[in-house]
Amino acid sequence: MPKPIVIAPSILSADFARLGDEVNSIDAAGADWIHCDVMDGHFVPNISFGPDVIKAVRSRTTKIFDVHLMIAPVDQYLEAFAKAGADIITVHAEAGPHLDRSLQAIRGLGKKAGVTICPATSEQVLLHVLDRVDLILVMTVNPGFGGQSFIRSQLDKIRCIRGMIGERSIRLEVDGGVNVETAAQVVAAGADTIVAGSAVFRGGTEEAYRANISAIRGAAEAGRRC
Ligand code: DX5
Ligand code: ZN
């Protein structure tokens with residue numbers, strides 16, 4: 001039985017000068033989860049925010065904080081993000097040599113564990129950690145920035161990973177360049193959880209966010225019927 005579609009707006013595309021209000025707005029506009037893109041300027045060529053910012057906006061919503069760590073090394077920061085209010089903590093398979101240990105550590109902190117891979121990384125790296133994760137995140141852009149173009153070659157990877165998941169209760173999330181056009185394609189390929197930054201925050205008002213989320217959700221549901 002496929003899981004319900006989840007729309008997780010990425011606050012990387014929000015107005016950082018009003019971040020708390022922006023979280024309130026996307027919550028009210030129908031976001032299912034809040035996707036928090038953490039970047040360290042080392043694993044990716046951009047710096048975004050750390051656990052203190054996540055802690056600062058935690059009280060603005062009860063929605064799930066889906067924290068995507070684009071940092072390396074990662075293990076020494078897991079507890080800080082867990083304490084800041086992350087519900088799901090997703091680490092890059094490319095961030096270090098001990099992925100299994102990182103995933104065990106996340107669950108040991110009482111949080112759901114996610115693993116993500118960059119466009120050039122094969123889904124084969126997931127083979128031996130399928131029973132350590134609650135979520136697999138497929139990057140459809142090279143991580144580091146919002147507003148990039150969707151990398152279509154990743155659709156085959158999504159299909160492969162959907163097959164690898166089998167009957168396991170693992171969410172398949174897609175992140176990067178997802179909009180009304182690409183949402184149907186990624187869901188048809190097997191995704192059930194969609195990250196969207198620029199496609200949600202376009203327009204800058206709660207009303208615009210509501211329309212954008214609704215349009216992406218509608219396109220994703222249509223992808224279920226393909
Ligand atoms: C990129 C981030 C994505 C990005 C999505 O490194 O992981 O979450 O913010 O932004 P859009 O949807 O604009 O590609
Ligand atoms: Zn992300």
Side-chain angles (χ1 to χ4, degrees), residues 5-16 19 22-23 26 29 31-51 53-54 57 63-72 74 77 81 86-95 106 112-121 133 135-155 157-158 171-187 191-204 208-209 211-213 215-217 219-220:
I5 295 289
V6 160
I7 307 296
S10 162
I11 57 174
L12 186 72
S13 298
D15 177 354
F16 279 16
L19 194 55
E22 292 274 74
V23 169
I26 55 172
D32 297 308
W33 296 358
I34 311 295
H35 186 79
C36 303
D37 282 313
V38 178
M39 302 179 178
D40 63 0
H42 169 247
F43 181 73
V44 292
N46 191 9
I47 297 175
S48 59
F49 48 77
V53 171
I54 290 174
V57 297
K63 296 278 173 73
I64 286 173
F65 272 16
D66 172 36
V67 176
H68 175 191
L69 296 182
M70 288 163 273
I71 67 175
V74 63
Y77 299 102
F81 284 102
D87 297 288
I88 303 169
I89 300 177
T90 297
V91 298
H92 270 270
E94 307 92 344
I106 294 168
K112 290 199 180 294
V115 60
T116 178
I117 49 179
C118 295
T121 303
V133 297
L135 179 142
I136 295 171
L137 170 56
V138 176
M139 292 306 296
T140 43
V141 294
N142 288 295
F145 303 92
Q148 299 181 83
S149 298
F150 182 83
I151 300 175
R152 284 186 54 80
S153 67
Q154 302 306 294
L155 289 170
K157 184 189 288 185
I158 295 166
R171 276 206 167 264
L172 182 42
E173 185 175 41
V174 174
D175 182 1
V178 182
N179 53 35
V180 172
E181 286 70 45
T182 55
Q185 296 171 39
V186 302
V187 170
D192 52 38
T193 307
I194 287 176
V195 176
S198 48
V200 167
F201 283 95
R202 187 170 298 122
Y209 302 164
N212 296 336
I213 290 171
I216 294 168
R217 192 184 305 280

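Keep in mind that this is a model prediction, so the values were computed, not measured. In each ligand, atom 1 is the first atom listed, and ligand 1 is the first ligand listed.
Heavy-atom proximity to Met139, at under 4.0 Å, picks out these atoms of ligand 1: 7 (O). Of all the atoms in ligand 1, the ones that sit under 4.0 Å from a non-hydrogen atom of Ser198 are 11 (P), 12 (O), 13 (O). Listed by atom number, the atoms of ligand 1 under 4.0 Å from Leu12 heavy atoms are 9 (O).
Checking only distances, Gly144 does come within under 3.5 Å of ligand 1, N or O to N or O. Residue Gln148 has no nitrogen or oxygen atom sitting less than 3.5 Å from a nitrogen or oxygen atom of ligand 1, judged on distance alone. Polar contact with ligand 1: absent for Ser13 (N/O pair, distance under 3.5 Å). On a distance-only criterion, Met39 and ligand 1 share no N/O pair closer than 3.5 Å.
A distance of 10.0 Å separates CD1 of Ile71 from CZ of Phe43, quoted to the nearest 0.5 Å. Rounding to the nearest 0.5 Å gives a distance of 8.0 Å between CZ of Phe65 and CG of Asp87.
The part of Ala196 lying near ligand 1 is the backbone, judged by heavy-atom distances below 4.0 Å.
Using modelled atom types, one finds a donor on one side chain and an acceptor on the other under 3.5 Å when comparing Asp37 with Ser10. His68 and Asp66 share no donor-acceptor pair across their side chains, judged by distance under 3.5 Å alone.
Ligand 1 is approached by Gly177 to a heavy-atom distance shorter than 4.0 Å.
Nearest protein neighbour of atom 12 (O) of ligand 1, counting heavy atoms only, is Gly197 N, 2.7 Å. For atom 3 (C) of ligand 1, the closest heavy atom belonging to the protein is Asp175 OD1, 2.8 Å. Considering only non-hydrogen protein atoms, atom 1 (C) of ligand 1 sits nearest to Phe145 O, 3.5 Å. Scanning the protein heavy atoms around atom 10 (O) of ligand 1, the nearest turns out to be Gly146 CA, 3.6 Å.
Residue-environment remark: CZ (Phe49) exceeds the threshold of 12 foreign heavy atoms within 6.0 Å. The local environment of NZ in Lys112 is sparse, with at most 12 non-hydrogen atoms from other residues, nucleotides or ligands closer than 6.0 Å.
Protein N/O/S atoms nearer than 2.8 Å to the Zn ion (ligand 2) total 4.
Qualifying side-chain contact (heavy atoms from CB on, under 4.5 Å) partners for Leu19, counting only residues two or more places apart in sequence or in other chains: Ile11, Ala14, Phe16, Val53, Val57.
Partner of Ile136 under the side-chain contact (heavy atoms from CB on, under 4.5 Å) criterion, chosen from Thr90, Ile117, Leu172, Thr193: Leu172.
Between Phe201 and Tyr209, the ring-plane angle classifies as perpendicular under the 30° and 60° cut-offs.
Contact record, Ile158 with Val186: CG2-O, 4.0 Å, taken as the closest heavy-atom pair.
Using a cutoff of 4.0 Å between basic side-chain nitrogens and carboxylate oxygens, Asp32 and Arg217 are scored as salt-bridged.
Nearest to atom 4 (C) of ligand 1 by heavy atom, out of Val174, Val195, Asp37, Asn179, is Asp37.
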